[in-house]
Amino acid sequence: MDPRRIPLIAGNWKMHHGSASGIELAVAIAKVAKTIRGVEVVVAPPFTVLAAVAQSLEELSEQRGLLVGVAGQNLHHEAKGAFTGEVSASMLVDAGCRWAIVGHSERRQYFAESDALVAKKAQAALDNKLHPIVCVGETLDERSAGKTLEVVLRQLRAVLPTIVPARGAAVIAYEPVWAIGTGKVATPADAEEVHAAIRAELDAQGGAAFATATRLLYGGSVKPDNARELLAQPDVDGALVGGASLDVAQFGAIVQAAASIVRGA
Ligand code: PEP
């Protein structure tokens, strides 16, 4: 981590939690976040509970100064229209979101989302003042074929014309597909190699200020026992956490790991 960037720990709940258990988890996370300084915390619940979670967090934040942002896990790039089952960026804002995950590998893999579509989603997010968390990452076959940087930089370049003008508003999450939900985590050195390549590309295409301002998250089986080493890498500015974000003790420990690095402890 680099002191010029505030670390961000985001939890992707995927298709888990209804309103009662979702609110319970979000409130528990907010209580942990309250005890921590210098780390931004975001949760991404399913669409159906976004508004309820956002409202509970807002009520807590008025009462106790808690700070947990809420993210949509996806959005449709059009503002409105005949797109049955879809949710627009402005609807996420209406539900209380300030963030939106776009291009998660599960969207790319199961819903055939292309690089161009992901860029449109990032644009729709930014147009609505949402911070997009743009996911990029290679499959195991691509890594084995030595194509990691080629794939990641291709995915990144597709979205750069959209996010460069937004300066530091967008976040990039490097999530090697083979590490998501598998318990296999990239080594800190492997993660840093890709993050440094992403940062260099941000610099080349958007300039030094843009590269310095943009946060890069690592995602893929981040757990309390590997978080600190990953987060200690110079170009890793936080984590996008799936499985471990469903458990307040685990997610809290990952947030604590980031906070301890900020404190220099
Ligand atoms: C994710 O879904 O973005 C993710 C990183 O999942 P997990 O932490 O479970 O690997």
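All ligand and atom numbering here is 1-based and tracks the order in the structure. If you read the sequence from its start, that first residue is 1, and numbering goes on from there.
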Could you check if a side-chain atom of R108 sits within less than 4.5 angstrom of a side-chain atom of V136, using non-hydrogen atoms only?
-> yes

In I133, L8, V236, the residue satisfying side chain to side chain contact (heavy atoms under 4.5 Å, CB included) with R215 is L8

Residue pair S144 / D141, side-chain donor-acceptor N/O under 3.5 Å = no

In terms of atom number and element, which parts of ligand 1 are under 4.0 angstrom from non-hydrogen atoms of L240?
-> 3 (O), 5 (C)

Salt-bridge criterion met for D237 and R199 (N-O under 4.0 Å) | yes

Lys/Arg N to Asp/Glu carboxylate O, D225 vs K223, below 4.0 Å = no

Output yes when the distance from some N or O of ligand 1 to some N or O of G242 is under 3.5 Å, and no in every other case.
-> yes

Side chain to side chain contact (heavy atoms under 4.5 Å, CB included) between Y218 and D190, intermediate numbers included | CA-CA 11 Å; Y218 169 79; D190 284 345; over 6 Å; no

Examine H104 against ligand 1 and note whether any of their N/O atoms are separated by less than 3.5 Å.
-> yes

Part of I180 with heavy atoms under 4.0 Å of ligand 1, whether side chain, backbone, both or neither = both

Quick one: does A173 get a heavy atom under 4.0 Å from ligand 1?
-> no

Is G220 near ligand 1, meaning one of its heavy atoms is under 4.0 Å from it?
-> yes

Are any of the N/O atoms in T182 less than 3.5 Å from those in ligand 1?
-> no

Looking only at distances, please establish whether an N/O atom of ligand 1 is found under 3.5 Å from an N/O atom of K223.
-> no

Polar contact flag, side-chain donor to acceptor under 3.5 angstrom, T139-E142 = yes

Could you tell me the separation between the CG atom of L156 and the CG atom of L202, rounded to the nearest 0.5 Å?
-> 5.5 Å

Closest to atom 9 (O) of ligand 1 among protein heavy atoms sits G243 N, 2.8 Å

Contact atoms of ligand 1, heavy-atom distance to S221 under 4.0 Å | 7 (P), 8 (O), 10 (O)

Backbone or side chain, does any N or O of G181 fall under 3.5 Å from an N or O of ligand 1?
-> yes

Which one of K14, E106, E175, Q73 has a non-hydrogen atom at the shortest distance from atom 5 (C) of ligand 1?
-> E175

Provide the number and element of each atom of ligand 1 under 4.0 Å from a heavy atom of A179.
-> 10 (O)

Taking only Lys NZ, Arg NE, NH1 and NH2, and the carboxylate oxygens of Asp or Glu, determine whether K147 and E138 approach each other closer than 4.0 Å.
-> no

